[in-house]
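Below: one structure, written as structure tokens.
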Amino acid sequence: MQNLPTTYSPKDLEPRLYKKWEEGHYFHAEVPRKENGEVDYSKKAFTIVIPPPNITGQLHMGHALDNTMQDILIRWKRMQGFNTLWQPGTDHAAIATEVKVIQKIIADGHTKEELGREGFLKEAWAWKETYHNRILNQLKKLGASCDWDRTRFTMDEGLSNAVQEVFIRLYDQGLIYRGNRIINWCPVCQTSISDAETLHEEQQGHFWHIRYPYADGTGYIEVATTRPETMLGDTAIAVHPGDERYADVVGKMVILPLVNKEIPVIEDAYVDKEFGTGAVKITPAHDPNDFEVGLRHNLEQINVLTDDGHINENGGKYCGMDRYEARKQIVADLEEGGYLVRVEDMVHAVGTHDRCHSTVEPMIKPQWFVAMDKLRKPAIDVVRQDKVRFVPKRYEKMYFNWMENLHDWCISRQLWWGHRIPAYYCQECGNILVSREAPKAGCKCGKCGAENWKQDPDTLDTWFSSALWPFSTLGWPEQTPELSYFYPTDVLVTGYDIITFWVSRMIFSALEYTHDIPFKDVLIHGLVRDEQGRKMSKSLGNGIDPLEVIDQYGADALRLMLVTGNAAGNDMRFYWSKVENARNFANKMWNASRFILMNLDEELPETMDPASLEAADRWILSKCNNLAKEVTENLDKYELGVAADKLTGFLWEELCDWYIEMVKPRLYNKTPEGAPSRTAALWTLKKVLVDGLKMLHPYMPFITEEIYNYLVPEEDTIMYAPWPVYDEAMNFPAEEDEVERMKEAIRGIRNIRTQMNVTPKTKTEVIVVSADDQVRDIFARGAGFLSPLAMATRVSVQADDAGISENAVTIPIRDAKVRIPLEELVDFAAEKARLEKEKKRLEGELKRVSGKLSNQGFLAKAPANVIEEEKEKQTKYQALMAQVEESLARLG
RNA sequence: GGAAACGUAGCUCAGCUGGGAGAGCAUUCGGGUCACAUCCGAAAGGUCGCAGGUUCGAACCCUGUCGUUUCCACCA
């Protein structure tokens with residue numbers, strides 16, 4: 001049989017295999033059809049939509065983790081026989097991309113304005129072409145088995161139609177509206193942003209206490225603020241209704257310092273009596289609360305800021321100053337005018353833009369909003385009713401908290417890169433026309449009859465289109481076969497950091513537009529941090545490029561490393577040593593496979609009767625069989641890390657370190673008498689390796705495919721090989737017990753050899769003594785491998801101690817003892833210490849077990865099988881103890 | 001202000017519905033064996049943050065407490 005190359009070289013095999021898969025369209029999913037052409041729903045679908053990566057960047061470790069998890073699930077389900085679709089694509093990432101494109105334009109010596117909207121968009125689309133392909137190619141390096149034939153982009157034609165459709169439908173229902181409301185404004189990016197994009201950063205600031213004199217000269221009222229420059233827009237002072245301290249000043253006018261304008265003192269329940277002075281300056285144009293108060297009291301809204309964060313003409317002498325410069329100047333002027341009472345240091349939360357981290361200014365602007373009140377309830381209900389399940393469940397709380405406290409969603413952005421809002425304004429009367437197409441010539445305004453329309457210049461929040469991703473990619477609003485067959489999708493895999501941005505919006509969007517959930521499960525993962533636990537970030541420069549890891553160690557190693565030893569929803573740290581370990585495991589599999597292939601020089605039967613196999617064969621087959629069950633159960637519960645641990649543990653330890661070593665003498669025995677045993681071993685090796693490779697394939701697709709191609713040359717790929725299923729006929733508990741007994745003996749002997757400094761070259765004889773016929777049979781059967789594994793020159797099995805040297809060391813094992821005549825090698829003091837230690841351990845165990853068994857409560861209430869187990873343990877420990885004591889007695 | 005998570009071997013983390021504490025790395029010792037030194041064998045290392053409670057039985061469930069982290073929030 002042709003064998004693998006001597007060295008494992010992922011760099012060589014990974015691109016080659018990926019090319020084969022991709023060119024052969026192995027990842028492609030079709031809607032299955034019956035003979036009459038109807039969709040065949042009897043073939044079950046399994047669908048995942050990729051969280052579309054932004055076209056701004058390149059693959060980072062977070063993508064690597066997210067997509068590895070998805071690929072594991074997809075490949076596993078594909079092998080289970082599902083018709084699997086992993087829907088790929090990218091996101092236009094409105095503001096992030098616009099910023100990048102502007103940077104490029106500036107680097108080219110131009111400005112955005114110079115190019116104009118059309119010229120800018122041309123640049124942006126060129127950017128998209130490059131970076132869209134780049135990031136998808138990076139996903140391919142990772143091994144992602146996406147259906148590339150179906151690749152979508154949030155701004156391609158179909159998806160743009162979906163966006164327009166949703167906008168128009170919601171507008172018609174009154175769920176999208178245009179309003180002059182207070183929004184978060186980023187003065188640096190010069191666009192509105194949603195609440196979700198606003199971070200609250202604790203900052204060290206000041207709390208300025210200011211006197212506002214009463215107009216009638218009867219004194220003053222004291223207010224405090226963290227943003228003194230906003231006083232330029234104050235239109236009232238508010239106190240709590242019924243606050244005795246201010247009862248007689250309500251209704252009075254105060255003079256706004258520096259501005260010299262009279263504003264009223266009003267009452268509003270929003271004011272907290274306990275906080276500060278109990279009196280609040282009200283700036284309706286620059287504070288969300290004040291905005292509401294202003295509406296209730298019909299206060300004037302005075303905007304004092306320009307879009308780029310300077311004081312505007314309403315700011316009098318401060319006009320033209322930067323907001324922070326103005327703050328300084330105003331404080332200085334207040335102090336000079338005797339209005340400043342005192343300044344406190346205060347840590348307070350400042351709203352910042354999540355992209356540029358500059359301080360956001362609340363501003364009143366005409367913007368488009370999605371009304372959340374009707375949408376939120378069904379979205380909460382489906383999660384409460386477990387129709388959409390978060391894994392781990394605790395993230396539901398995050399979701400509920402967000403959904404329940406949601407404000408209307410500001411969806412318009414003052415950007416060019418994105419879906420343009422399909423709204424047209426009559427230039428004569430301001431009437432709004434929302435329409436799929438631009439008003440044609442002759443289209444008259446329904447209100448004033450004019451024909452002068454102008455489209456809204458704004459675009460939509462990037463999350464507005466990604467909210468539709470699970471169904472827009474499948475063709476919605478068209479009722480495509482894809483939509484009816486692959487939707488709702490099965491699981492969404494994403495990080496906890498975008499539950500609010502994306503997951504929540506997909507859920508309410510799907511419910512409203514498709515009348516169905518977008519996905520059944522939401523599998524949440526954490527962040528990949530650096531070795532010190534810090535977030536990987538550009539500014540820190542501590543990011544590790546997955547492509548570099550792939551280049552050095554292979555995608556298989558990276559993938560395995562990312563999912564081992566961590567649980568869903570938890571952050572993890574990136575360690576090079578973990579990658580190395582994963583690569584070492586790959587290398588191990590490579591070499592074990594080479595060894596097996598090397599020995600596979602005979603035609604093996606398709607199936608073998610377990611009765612014609614040896615105990616060791618049945619042991620490993622049974623282990624493998626149970627492993628299939630456990631791994632499948634773990635994957636069902638999205639416990640990817642636990643499943644990976646079990647798999648690698650089985651393959652590395654049980655298969656490589658034990659079974660292969662046990663079987664070597666049989667493989668090397670090419671005599672006619674040894675032939676059946678050799679065939680049995682080879683058959684078992686191949687069977688276990690094939691099953692092991694299959695189970696490993698979702699984790700390590702490349703190496704498993706490569707080995708499988710050598711091992712099963714008649715098949716083209718492992719990708720569609722049937723997933724191993726637990727088979728009761730392959731369950732051999734007796735053999736499992738038998739071999740475990742042998743392993744105990746071997747470990748015991750090795751232990752003694754190490755402690756006694758017995759070098760491998762020293763001859764040792766192993767004598768197994770047991771009064772139990774069956775146990776003697778076990779050791780007789782296993783003598784063939786016991787001898788090499790325990791490095792014994794001779795193994796003999798007997799019923800009693802007859803003929804064994806007095807100085808032989810004794811190793812107690814279940815129902816037997818192993819005696820090794822070491823003669824002069826024995827250090828009696830050390831041996832005695834060893835036995836004493838063992839005795840102490842057994843005493844501890846016995847104490848615990850008999851404590852349990854003498855506890856009436858335990859006997860009365862514990863399940864029968866647990867009690868039985870404890871009794872067996874007691875018997876075992878008692879027997880071992882007797883042996884230890886006997887040995888100690890012999891030593892004197 | 002509200003909420004959540006974490007605290008287990010020197011380090012980083014697993015540990016499923018409660019029934020004898022695990023992995024990787026690091027450490028110590030031995031090994032050049034014809035699949036693999038990217039290896040093999042052996043060892044050492046933990047009162048599972050602390051205090052209560054529920055239970056026959058708790059790393060796991062409950063309460064409190066200390067410590068760390070994160071998310072959310074329109075109190076100036």
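Below, chains carry the letters A, B, ... as their sequence lines are ordered, and counting in each starts from 1.
- A:Glu531 places its CD atom 14 Å from the C1' atom of B:C13, with the value rounded to the nearest Å.
- Here B:A58 presents its P atom at 9 Å from NZ of A:Lys852, a figure rounded to the nearest Å.
- Close to B:A44, at under 4.0 Å from its OP1 or OP2, lies a side-chain N or O of A:Lys837.
- Listed pair A:Trp402 / B:A73 fails the phosphate criterion, with no side-chain N or O lying under 4.0 Å from OP1 or OP2.
- Side-chain N/O atoms of A:Tyr395 include none lying less than 4.0 angstrom from OP1 or OP2 on B:A3.
- One finds a side-chain N or O of A:Arg573 lying less than 4.0 angstrom from the OP1 or OP2 phosphate oxygen of B:C13.
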Throw together a table of side-chain donor-acceptor distances under 3.5 angstrom for residues 228-235 of chain A, partners on residues two or more places apart or in other chains.
unit_1	atom_1	unit_2	atom_2	d
A:Glu229	OE1	A:Arg327	NE	2.8
A:Glu229	OE2	A:Arg327	NH2	2.9
A:Thr230	OG1	A:Arg227	O	2.7
A:Thr230	OG1	A:Lys281	NZ	2.7
A:Asp234	OD1	A:Lys281	NZ	3.1
A:Asp234	OD1	A:Thr283	OG1	2.6
A:Asp234	OD2	A:Tyr212	OH	2.7
A:Thr235	OG1	A:Glu300	O	3.1

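- Interface residues of residues 227-237 of chain A facing RNA chain B, ordered by number: none; criterion, heavy-atom separation under 4.0 Å.
- Donor-acceptor pairing under 3.5 Å, judged by distance alone, is absent between the side chain of A:Lys393 and the base of B:A4.
- Atom CG of A:Asn587 and atom P of B:U38 are 8 Å apart (whole Å).
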Give the dot-bracket line for RNA chain B from 5' end to 3' end: parentheses for intra-strand Watson-Crick or G-U pairs under 3.5 Å, square brackets for crossings, | for inter-strand pairing, dots for unpaired.
(((((((..((((.....[..)))).(((((.......))))).....(((((..]....))))))))))))....
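- Judged by distance alone, with hydrogens and angles left aside, A:Glu653 brings no side-chain donor or acceptor close enough to the base of B:A23 to form a pair under 3.5 Å.
- At least one side-chain nitrogen or oxygen of A:Asn584 sits closer than 4.0 Å to the OP1 or OP2 atom of B:C39.
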